[in-house]
Number of protein chains: 2
Amino acid sequence: MHTVLKWFARHRSTILYTVLLAILLFLIRWLELRFIVLNYALEFYIGGVAILFTALGIWLALKLSRPKINTVVVEKEIYLHRSPEFTINEKELEKTGLSSRELEVLQLMAEGLSNQEIAAKLFVSLSTIKTHSSKVLEKMDVRRRTQAIDKAKKLNIIP
Amino acid sequence: MHTVLKWFARHRSTILYTVLLAILLFLIRWLELRFIVLNYALEFYIGGVAILFTALGIWLALKLSRPKINTVVVEKEIYLHRSPEFTINEKELEKTGLSSRELEVLQLMAEGLSNQEIAAKLFVSLSTIKTHSSKVLEKMDVRRRTQAIDKAKKLNIIP
DNA sequence: CTCAAAATCAGTCTTTAGTATGAGCGAAAA
DNA sequence: TTTTCGCTCATACTAAAGACTGATTTTGAG
């Protein structure tokens, strides 16, 4: 029952158009009879249909065309201060989306360990640490581990 | 003569549509005769016209309507820092034996810059920065720049 | 002026970092 | 139950860092 409603919601435009078409076809049929019975000029009838469907097409296009998205970047300044007693900034940590393992790797990075050394310390392969470190860089939106360390320290994600 | 051309340019779409309509009316007239003569079903003819003009309407709307623009505001966060009480530890700095240029390079390293970026910032070649960075690592008795940064921060040589 | 240290640059080579892609597995969520 | 996600690992590749050698030019203290 739930899915049926969703389906209707998703295809609302299509359904609307189909129903409209059906109504129009009935209208056409009715008009046709009238015109034929009254022996009016066929051109008027055709012209009417043409105008009607042109309007319908315009309406459809305007309804369905997706708007262009114009992105405006606004810079927002955030002031942080580092205190001697380190308390982890949970909010900033969550914003990065780092997993616990990735945070662990980041911390060891900040201590100056190489990937190989981190791998040895955590008893995993070098490949694993490379994957983690790549994820860390990606999630922190930086290109080098030194940048990641700098940013993490400024955000109070690591001591 | 000049203004006439401009007028044409400005109303190009309208003119195009008008001409198209005229052509279509001729087509309709011709089709009409054919269909009537051949006694085809009128519904097919009407349907064709409807589809044609719906398409025309859609095309027209897309051509002539100015695009909808949705402005999306994206906030970009910039982190600024107040580190009120950083005082460089001169004694530790002297112990390392770092020259002023080497310290400069070390500071830029700590900000996450690559050697190439540091070279660009200081208007010297990559080779020079490599030499400096090697000297820094040697004088600080470490093997990686991340270690040098960590150590320098702990010794209060850099903020 | 002279000399040593600092700063500059180049070339070659090895190591480490980082990217891209794919895949297997297990736990938790939908 | 299927999907999703975190963790693991691998291969192949490119980019960057670092080591080593050797060189020229600047510069500042004696």
Side-chain angles (χ1 to χ4, degrees), chain A residues 1-7 9-10 88 90 92-153 157-158, chain B residues 88 90 93-153 157-158:
Chain A
M1 210 56 194
H2 198 219
T3 51
V4 174
L5 284 174
K6 272 190 178 175
W7 186 88
R10 208 174 314 132
I88 188 166
E90 296 283 359
E92 291 296 339
L93 176 57
E94 276 176 35
K95 268 204 246 178
T96 62
L98 288 175
S99 71
S100 60
R101 200 60 159 169
E102 284 157 358
L103 178 62
E104 208 175 350
V105 170
L106 177 57
Q107 287 169 336
L108 294 175
M109 271 184 183
E111 290 173 17
L113 301 196
S114 68
N115 288 339
Q116 187 64 72
E117 287 166 345
I118 296 171
K121 184 163 254 182
L122 299 184
F123 302 105
V124 294
S125 79
L126 175 59
S127 300
T128 305
I129 299 305
K130 280 193 171 191
T131 306
H132 285 322
S133 87
S134 273
K135 281 271 180 188
V136 168
L137 299 187
E138 188 186 317
K139 287 184 178 176
M140 299 201 64
D141 194 30
V142 294
R143 305 180 60 76
R144 277 175 293 282
R145 54 172 50 212
T146 47
Q147 277 185 339
I149 294 165
D150 185 51
K151 192 167 182 177
K153 280 183 182 273
I157 289 174
I158 56 174
Chain B
I88 186 166
E90 297 283 0
L93 176 57
E94 277 176 34
K95 270 203 244 177
T96 62
L98 288 175
S99 72
S100 60
R101 200 57 157 171
E102 285 157 359
L103 178 61
E104 206 176 353
V105 170
L106 176 58
Q107 286 169 336
L108 294 176
M109 271 183 183
E111 288 173 19
L113 301 195
S114 67
N115 287 339
Q116 187 65 73
E117 288 167 344
I118 296 172
K121 184 163 253 180
L122 299 183
F123 302 105
V124 295
S125 79
L126 175 59
S127 300
T128 305
I129 300 304
K130 280 195 171 190
T131 305
H132 285 321
S133 88
S134 275
K135 281 272 179 189
V136 168
L137 299 187
E138 187 187 317
K139 288 182 178 178
M140 296 200 67
D141 193 29
V142 294
R143 305 177 61 79
R144 277 173 295 281
R145 54 170 53 210
T146 46
Q147 276 185 339
I149 294 165
D150 187 50
K151 192 166 182 177
K153 280 183 184 272
I157 289 175
I158 56 175

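Below, all heavy atoms of this structure are taken into account, side chains as well, without hydrogens, waters or symmetry copies. If you're wondering where the values come from, they're calculated on a predicted model, not measured in any experiment. Below, chain A is the first sequence line, B the second, and so on; all start at residue 1.
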Every protein N/O lying under 3.5 Å from an N/O of nucleotides 18-20 of chain D:
residue	atom	partner	partner atom	Å
D/dG18	OP1	B/R145	N	2.7
D/dG18	OP2	B/R145	NE	3.0
D/dG18	N7	B/K130	NZ	3.4
D/dG18	O6	B/K130	NZ	3.0
D/dA19	OP2	B/S134	OG	3.4

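- Straight-line distance from the CD1 atom of A/I118 to the P atom of D/dT8: 13 Å, rounded to whole Å.
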Sub-3.5 Å pairs of nitrogen or oxygen atoms, protein against nucleotides 23-25 of chain C:
none

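- Here C/dA17 presents its C1' atom at 10 Å from CG of A/L126, a figure rounded to the nearest Å.
- To the nearest 0.5 angstrom, A/L108 atom CG is 11.0 Å from A/H132 atom NE2.
- Within 4.0 Å (heavy atoms only), A/S114 reaches sugar-phosphate atoms of the nucleic acid but no base atom.
- Note: CD1 (A/I149) to P (C/dG18) measures 9 Å, nearest angstrom.
- Of the possible donor and acceptor atoms, none in the side chain of A/S134 sits under 3.5 Å from a partner among the backbone N and O of A/T131.
- Residue A/S99 places at least one side-chain N or O closer than 4.0 Å to OP1 or OP2 of D/dC7.
- Not a single salt bridge (Lys or Arg N to Asp or Glu O under 4.0 Å) links A/E111 to another residue, sequence neighbours left out.
- Residues B/L113 and A/R144 come closest through the heavy atom pair C-NE, 4.0 Å.
- Contact of the A/K139 side chain with the A/L106 side chain is not registered, since no non-hydrogen atoms from C-beta on lie closer than 4.5 Å.
- When the side-chain nitrogen and oxygen atoms of A/S127 are compared with OP1 and OP2 of D/dC9, none of them lie within a distance under 4.0 Å.
- In terms of phosphate contacts, B/H132 brings no side-chain nitrogen or oxygen within less than 4.0 Å of OP1 or OP2 of C/dA7.
- Although no hydrogens or angles enter the test, the distance criterion places a donor-acceptor pair under 3.5 Å between the side chain of B/Q147 and the main chain of B/R143.
- Inter-residue side-chain proximity for A/K153 and A/I158 is flagged as met; some heavy-atom pair is nearer than 4.5 Å.
- The neighbour count for A/K135 NZ, taken as heavy atoms of other residues, nucleotides or ligands under 6.0 Å away, does not exceed 12.
- In the set C/dA7, C/dC9, D/dC7, the nucleotide with an atom closest to the side chain of A/S100 is D/dC7.
- Using a distance-only test at 3.5 Å, with no hydrogens or angles considered, no donor-acceptor pair links the side chain of A/K151 to the main chain of A/V142.
- If you check every strand for non-hydrogen atoms under 4.0 Å, B/T128 touches a base.
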